[in-house]
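Worksheet: the structure to be examined is printed underneath.
Just so you know, residue 1 is the first one in the sequence shown, and it goes up from there. Only heavy atoms go into these numbers, but all of them, side chains included; no hydrogens, no water, no symmetry mates.
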Amino acid sequence: MISVFYVPYQKVFGYSNLQMGLLLTIYSVIGTPGSLIGGALADMWSPKKILVGSCIASAFCGYSLCTIPPFKIAVVIYAIMSIPMGWLAWTPYNKCVAVMAIDGDEGRLYGLAATFDSLLTMSLTLGLTVLFGDAIGEVGNFRILLIIMSSVYLVAGILLYFFYNYDFWAARAGIDVSSKRFKLDLSGYKATIKTPVPWVCGLLVMGMYIAATGTNYLSPYLNTVYIMPVGLASVFGIIIRYGCRMICNPCGGWFRDMKLGGSTPKLVWITTVLVFIVAGALLFLPQTESMAVPATILALVLVSIFRFNSSSESTTFRVLKKIPMSMLGSIMGLGYMIAYSSDMWLPSVIGNILDKNGVKGYNFVFLIMVLGMALASICAYILHRMAKREMAGEMIIK
């Protein structure tokens with residue numbers, strides 16, 4: 001909600017840029033380390049059951065925000081919300097998709113999942129934004145939006161419970177599903193920590209996520225610098241987060257699978273070069289109201305390029321084929337804990353810089369995006385070398 005509706009969210013709740021960043025930081029400080037727990041649970045128990053519980057709990061956390069609480073209460077809500085959404089959602093979700101992608105179609109399958117996700121979310125958010133227009137920044141209208149978005153979580157949990165057959169796909173992927181009892185076994189997790197795979201993959205995704213954090217500020221950037229109206233800024237925020245993702249993510253996944261031989265590192269490198277070029281052009285564009293259209297176009301191109309690479313966030317953990325599927329949840333959990341740790345400090349840093357420096361502070365945001373993609377490319381090179389050694393017969397995980 002903060003990422004997509006940053007401008008109306010800030011207007012309705014009355015928070016400063018620093019407070020907006022602090023909410024995300026608090027959410028991340030509690031939620032990010034929980035990826036370790038979510039990853040281990042996804043290996044030791046049914047990730048489907050974890051996801052169902054996560055969706056239902058997340059819905060009720062969303063409903064609590066409908067009271068438009070003061071900042072101190074919002075801090076508590078975000079702290080609680082970080083458990084179902086931070087601990088118990090992302091890693092089990094990725095494993096649920098991974099067990100279905102064992103035929104060399106990881107990029108396409110993750111891209112397809114992102115397409116349906118984006119199509120549903122964009123239809124809801126864009127439809128409501130068009131309906132309310134600039135009035136979306138009014139308390140009553142924003143409360144309706146919060147109720148609807150929270151209800152989607154509740155419905156998703158119900159549908160997952162009845163329509164996703166995890167046992168079928170897990171058995172097909174070679175996971176033993178005969179034992180239904182939860183067993184706490186840390187031996188496999190010790191092996192996970194010792195291998196370099198989650199550390200390299202985690203830093204790669206961290207670089208991408210740092211760049212993604214920067215794209216969240218393109219909407220307020222256009223609103224502040226180029227005087228884009230609040231309603232239009234919200235529409236732009238929805239398009240860059242979901243519209244670009246809906247189209248570019250599956251295209252990037254297809255390009256990875258069919259044109260790059262399934263190489264995630266190559267996709268990261270190509271995207272990095274293009275991000276450098278477009279971000280540089282946007283950085284040096286004159287910051288005048290007359291340049292609003294070129295700035296909007298460049299921002300859309302920048303996000304489209306970045307979203308073209310989005311499937312790498314999940315497929316990077318499958319670059320090394322000798323990783324056993326039974327350990328994938330733990331590896332992803334540790335990797336994502338590393339990857340998303342930037343949320344514990346970056347939003348607060350950016351918010352503070354924007355509050356103190358105004359328009360000039362956005363130059364820092366563009367620099368952050370460039371540095372993030374540079375980190376991703378370096379880690380992609382290391383991962384590429386590890387894959388080469390694996391093909392030569394050197395085991396990465398024993």
Side-chain angles (χ1 to χ4, degrees), residues 1-7 9-10 17-18 20-25 27-28 32 202-226 228 233-234 236-245 248-249 252 268 270-285 287 295-310 312-313 338-380:
M1 294 296 294
I2 288 181
S3 299
V4 178
F5 297 104
Y6 190 98
V7 175
Y9 195 112
Q10 189 175 36
N17 288 312
L18 177 58
M20 297 280 277
L22 283 174
L23 284 179
L24 294 177
T25 299
Y27 171 86
S28 180
T32 300
L203 287 173
L204 189 155
V205 179
M206 175 190 277
M208 292 174 53
Y209 195 64
I210 287 174
T213 302
T215 64
N216 293 336
Y217 292 89
L218 287 175
S219 177
Y221 172 72
L222 294 175
N223 173 255
T224 303
V225 176
Y226 297 100
M228 178 182 284
S234 297
F236 178 82
I238 294 167
I239 291 174
I240 64 173
R241 190 171 182 87
Y242 298 107
C244 293
R245 184 169 178 249
C248 299
N249 195 311
V268 173
I270 292 172
T271 306
T272 298
V273 173
L274 294 175
V275 165
F276 283 3
I277 295 173
V278 180
L282 189 58
L283 178 63
F284 290 105
L285 189 73
Q287 296 180 336
T296 302
I297 293 174
L298 281 174
L300 284 172
V301 172
L302 179 61
V303 177
S304 296
I305 293 170
F306 179 78
R307 291 300 178 189
F308 191 77
N309 182 51
S310 291
S312 300
E313 188 174 359
I338 297 167
Y340 303 142
S341 61
S342 62
D343 260 351
M344 292 189 282
W345 54 271
L346 187 56
S348 297
V349 170
I350 292 178
N352 191 36
I353 288 177
L354 291 178
D355 284 340
K356 290 183 177 179
N357 299 280
V359 172
K360 292 183 179 179
Y362 285 103
N363 293 336
F364 175 79
V365 176
F366 293 124
L367 177 61
I368 279 289
M369 294 181 65
V370 169
L371 293 177
M373 292 306 298
L375 173 62
S377 285
I378 293 171
C379 294

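- A donor-acceptor pair is defined here as one N or O able to donate and one able to accept, closer than 3.5 Å; such a pair exists between the side chain of Asp355 and the backbone of Leu18.
- For Ala299 against Leu222, the heavy-atom pair with the smallest separation is CB-CD1, 4.4 Å.
- Going from atom OG1 of Thr296 over to atom CG of Leu300 covers 7.0 Å, rounded to the nearest 0.5 Å.
- Looking at every heavy atom in both residues, Gly214 comes nearest to Val365 through O-CG1, 3.5 Å.
- Heavy atoms only, all atoms of each residue included: Leu218 and Phe366 are closest at CD2-CE2, 3.8 Å.
- To the nearest 0.5 Å, atoms CG (Leu282) and CD (Gln287) are separated by 9.0 Å.
- Considering every non-hydrogen atom in both Asn309 and Met373, the closest pair reads ND2-CE, 4.1 Å.
- Side-chain contact between Ile368 and Tyr217 is absent, with no heavy atoms from C-beta onward closer than 4.5 Å.
- Side chains of Phe5 and Gln10 form no contact here, defined as non-hydrogen atoms less than 4.5 Å apart.
- Note that CG of Asn352 is 9.0 Å distant from CG of Leu22, once rounded to the nearest 0.5 Å.
- Taking both residues in full, the closest heavy atoms of Met208 and Phe306 are given as O-CZ, 3.1 Å, listed atom of the first, atom of the second, then distance.
- Although no hydrogens or angles enter the test, the distance criterion places no donor-acceptor pair under 3.5 Å between the side chain of Ser377 and the main chain of Ala374.
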Point to revise | Test log, rule side-chain contact (heavy atoms from CB on, under 4.5 Å), inputs Phe308 and Leu274 | key: CA-CA 11 Å; Phe308 191 77; Leu274 294 175; over 6 Å; no

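- Distance CD1/Ile305 to OG1/Thr272: 11.0 Å, rounded to 0.5 Å.
- If you take CH2 on Trp345 and OG1 on Thr25, they are separated by 10.0 Å, rounding to the nearest 0.5 Å.
- Nearest heavy-atom pair across Gly372 and Ile210 is CA-CG2, 4.0 Å.
- Ring centers of Tyr340 and Tyr209: under 6.0 Å apart, within the cut-off.
- Counting only distance, with no hydrogens or angles, the side chain of Asn357 and the backbone of Ile353 share a donor-acceptor pair below 3.5 Å.
- The distance from the CE atom of Met369 to the CZ atom of Phe364 is 13.0 Å, given to the nearest 0.5 Å.
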